[in-house]
Structure formats: C-alpha cells, structure tokens
J.: 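Encoded as structure tokens, here's the structure I'll be asking about.
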Amino acid sequence: MKPLEPVSTTARVGLGIAFFVIFFAAWAAVTFGGLVPKIFLADPVTMLQEGWYLITNHGFLVDIGVTVWRVVGGFILAALVAVPLGLAMGAYKPVEAFFEPFVSFARYLPASAFIPLFILWAGVGEKQKLLVIFVGSVFQIVLMVAVAVGSIRRDLVEAALTLGARDQGIVGRVMVPYAAPQIAEILRLVLGWAWTYVIVAELIGSSSGIGHMIIESQALLATGQMIFGIIVIGVIGLISDFLFKAVNQKLFPWSTI
Amino acid sequence: MSGVVVSGVSRTFPSVRGGDPVQALAPVDLTVGEGDFVAILGPSGCGKSTLLRIVAGLDRPTTGTVTLDGKPVPGPGADRGMVFQSYTLFPWLTVVENIEFGPRERGVAAAERRATAEKLMAQVGLTQFANHYPKQLSGGMQQRTALARALANDPKVLLLDEPFGALDHQTRSLMQELLLSIWETHRKTVLFVTHDIEEAVFMANRVLVMSARPGRFKSEVTIPFAHPRSYKLKTTPDFGRLEEQLTEDIRGETIIAVQAGF
C-alpha cells in the first residue's frame, strides 16, 4: 500500500464485501457465542426470521412504502422551494444579504425539536411528517446551493459577457449549468439526512412506517425486528444513493470526464 | 472615427486593508484603426491586461473614455470578442456548442449558427472534435475553440489577452500562424496583449511597448513586413533587428517591475 495508489475494480468490490462479511461474522460470534444476552441483541438468523415474519404477517412492506413516500414527498417539497431560492441567493448578492443570516440561523434549529410543536399544529398525520422533513432539509439545501452557484468561475462569466450574454443568459445558461452537478450532489447528500428526520418523526407519533414498527418492537423486546428495520433503512439509502449517482452521470456526462 | 479610440484612460485600484491605492494604468491614449493589428508589449503587472479589460468593458476606467466607431463602449458586448489567457470554454458544452454560444445569446436561428460554427471549426481544424467536451481537448485545441467562439459573433474588434501564454513553445508557434492566417482572411481589428517579443513582431503591424506600473506607452514600433507572413520570417536579419530593439526597450521596464516586486 502506497498513498493515493489506485485500487483495481475487483479488489475494490472484494474489499467492500469483505467488511460486510467480517461485520456479520463478528455479530454472529458475539450473539451465538453467548457473549451478549439475546434480550439485548438478536443474532443475525433470528433477525432475518423476524424480518420475514414482519413482512408476511404484519404488512411491513406497506410500512416501508409509507416511510419512503414521506421522505420523498417532504424532500421534493423542500427542493422545490430551496433550489430556486439558493440559485437566486447565489446569483444576486442583495437577495443573499437578505436571506443568508436567517437561513444560517434556521439551519441550526434541530428539526426533531420541532416535532412536538408540529404535532400541536398539524396532528400526527402525514402533514406533520412532511413538515419535519421539509424543515430539516430546506435550509440546508438553500445554503449549499447558494454557495455552489456563487462559486462560479468569474472568468467564465466574463467570457459569456464578452460573447454578448445578458443577465438572463448569465444566470440561466452559465451559472445554472455550471452548478447543476453540484446541486445534484447536494440533493443526494441531504436526502440521506431526510431519512434521519422521518424516522425520528415516526418514533414520536405515528401509526405506520418503519419508525413506528421499531418503537412497537421495543415494547415487545423484539431486538431482531428493530435491527431488521434499521437495516432496511440502510439498504434503501444505499439504493437511492446508487440511483442518484447513476442519474447524475447520465445528466452531466461532462462533469465526470 | 472608425476603430477603437482610447483617450486619457487610467485605472487606479482602491486601497486594500489600509494600504495605498494602486495606480495600474497612467492616462494613456491609443487608436487602433479598422483592420489594424496592434500588439501591446510589456512586463507582467504593467497594466496591459487592465487596459484590454477596459476596452472589453469588463473593467471601468478611473478617468478617460473608450469609443468604438465613435460611440462610447457601455460595457461588455458582442461587438468586442475576447480570448483570455486562462481556459474559459464552458465545460458543460461541446466544442460546437461553445462556438455557438454567442450567436445563441444574440438569438441567431439554429441552422444559421450551426453553419457559422462549422465554417469556423474547419478554419481552426476542429471539425473532428465538434462533439468533444473541453476537458477532452489539449490546451492548444481549447484556445483554438476559444478563438472560433469569439469569431462566431463576427465582432468588430478581437481582444486577445495573452491567449497563447499557457501553451508550450511549439504549439504557440502554430497558434500564431493560425491566428495570423485568420487575420489575413478576415482583416479584423485586433488588439493583442503579450509579453512575448517574437510573438508581437511576428503578428502585429504596430507594437506598443508599455512601461512598468503605472503603465503608459513608452515607445511604438511599426512592423514593416508584408502579409501574408511565413514562419520563416522569424529567422531573417530584419526580424532579429526589430526583436533586439524591442528587447532593449522592454528590458529596462522589466528591471523596474522586478525591483518593485511584481
């Protein structure tokens, strides 16, 4: 091993899988070996059995669908508001001066701390879940998009000006395409955080969803079910990440050359 | 008066963090007639790029005016095409899309701008690379595309800010010949900024030597060689004499610039 020396594709995949194998082997060892009592941590086989039981007898797939819907819904709403606002802030400095201090402040307000207030305002229904994800994501996206757009290379803007571009052309046909791959990357990142908010919202007040199942399982001390729920979230995250990357590569081939 | 007229243009940059304001450019006068090829030669930091940016409308003069065909320049515009030293192709556009950028911004119909781009790509030898992205091109190819992109607007004036400064010597020579042949065909008004004496003498009809900061014109040399010029010109005794004369002119300024710490 030397610093920055590249690794072959086969070695990369093999090493990635190896860690999962070691992880599950260690887990199996401590649980089957009796080092950790079953009541605190289920073994991998029990986890899978309880997961299968959840899917076949308790309609857990519906819970998964509900949670995914909430994340995607709240996230799309946040992106629809945040991306245009971030673009405006990145392009026009007075707009940035107006919004930036508040957005920077609001970004540090923990979305999960708002949950009791949101329950008061919107009940425990879907509106409240969407609101939590929206508040958790929107300010992050605004700030990061504003930075991405504002970091446009000045010489590219100048080149466009000498080619006859006016304000609309500079924003629409220089700044936006320049920042587009970064914006896609920002959305991928924040979508990951939105998963945290939805689970917290479902843990606190909900009658469906992955978080709801996890909190119900706690009452039954069904650690296998809880871990199964957590792993499902991880797998969905991995899939959405993969899809996002594939779509980005398709949309912005120039940025990965 | 047709062409570019610079009269009494100076530029002082405001002080930074309590330092003194910096005068980059002393008041200068310059007339570039229609179809002329003028090179401004000077040591780095002498304000030659600042002057070019003012003509382009990218910077405002502290005093003085710039007119093009008798009208003051209001800001950057398609009538003054520019090629920069840094690579400024739009990375998200292919070669042909980059060349079409200017005409598209001006609302030229798709078929017409494609025809313009194809003609220019043929002239700069990039037809096979039409659908390549800038990152897939060498430095010389990128600057050829940038030149074609500036020409696509059919500007009245071509402003060149050390466009070949980042290229290796051999590529630079070929680029000079290419630019010269394009000028010999189009006879565009060209204002060319460089610190390379050979480059200035080879291409320009007039060479203006700029002093160390604050920049002003120290001397002017008319280059008598007829067009079209061949690269073989560079090894003739007359060429050598002009180079020698300009070397003497600029040497003193470079020493001043180095001592001032630029």
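The sequence lines fix the lettering, A, B, ..., with proteins before strands; numbering per chain opens at 1.
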J.: Measure F252(A) against the heavy atoms of chain B and call it side chain, backbone, both or neither at under 4.5 Å.
T.: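 No part of F252(A) comes within 4.5 Å of chain B.
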
J.: So which of G102(B), G75(B), A146(B), G77(B) has the largest heavy-atom pair count under 4.5 angstrom toward chain A?
T.: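 Option with the greatest count: G77(B).
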
J.: Going by side-chain contact (heavy atoms from CB on, under 4.5 Å), W195(A) matches just one of V71(A), I133(A), V200(A). Which one?
T.: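 With W195(A) as partner, V71(A), I133(A), V200(A) yield a single side-chain contact (heavy atoms from CB on, under 4.5 Å), made by V71(A).
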
J.: Where on R153(A) is there a heavy atom nearer than 4.5 Å to chain B: the side chain, the backbone, both, or neither?
T.: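 Only the side chain of R153(A) comes within 4.5 Å of chain B.
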
J.: Do you see a donor-acceptor pair shorter than 3.5 Å between the side chains of D155(A) and T88(B)?
T.: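 No.
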
J.: Side chain, backbone, both or neither: which part of L89(B) has an atom under 4.5 Å from a heavy atom of chain A?
T.: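 Backbone only.
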
J.: Assign the ring pair F37(B) / F192(B) to parallel, tilted or perpendicular, where the plane angle (0 to 90°) is split at 30° and 60°.
T.: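 The arrangement is tilted - the two ring planes meet at 30° to 60°.
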
J.: Using distance alone, with no hydrogens and no angle criterion, decide if S10(B) and T63(B) have a side-chain donor and acceptor under 3.5 Å apart.
T.: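 Their side chains do contain a donor-acceptor pair, which is all the 3.5 Å distance test asks for.
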
J.: Under 6.0 Å from the six-membered ring centre of F90(B) and within 45° of its axis: does the NZ or CZ of R149(B) meet both?
T.: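 Pair R149(B)/F90(B) counts as cation-pi.
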
J.: With a 4.5 angstrom heavy-atom cut-off, which part of A160(A) approaches chain B: side chain, backbone, both or neither?
T.: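 A160(A) touches chain B through backbone and side-chain heavy atoms alike.
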
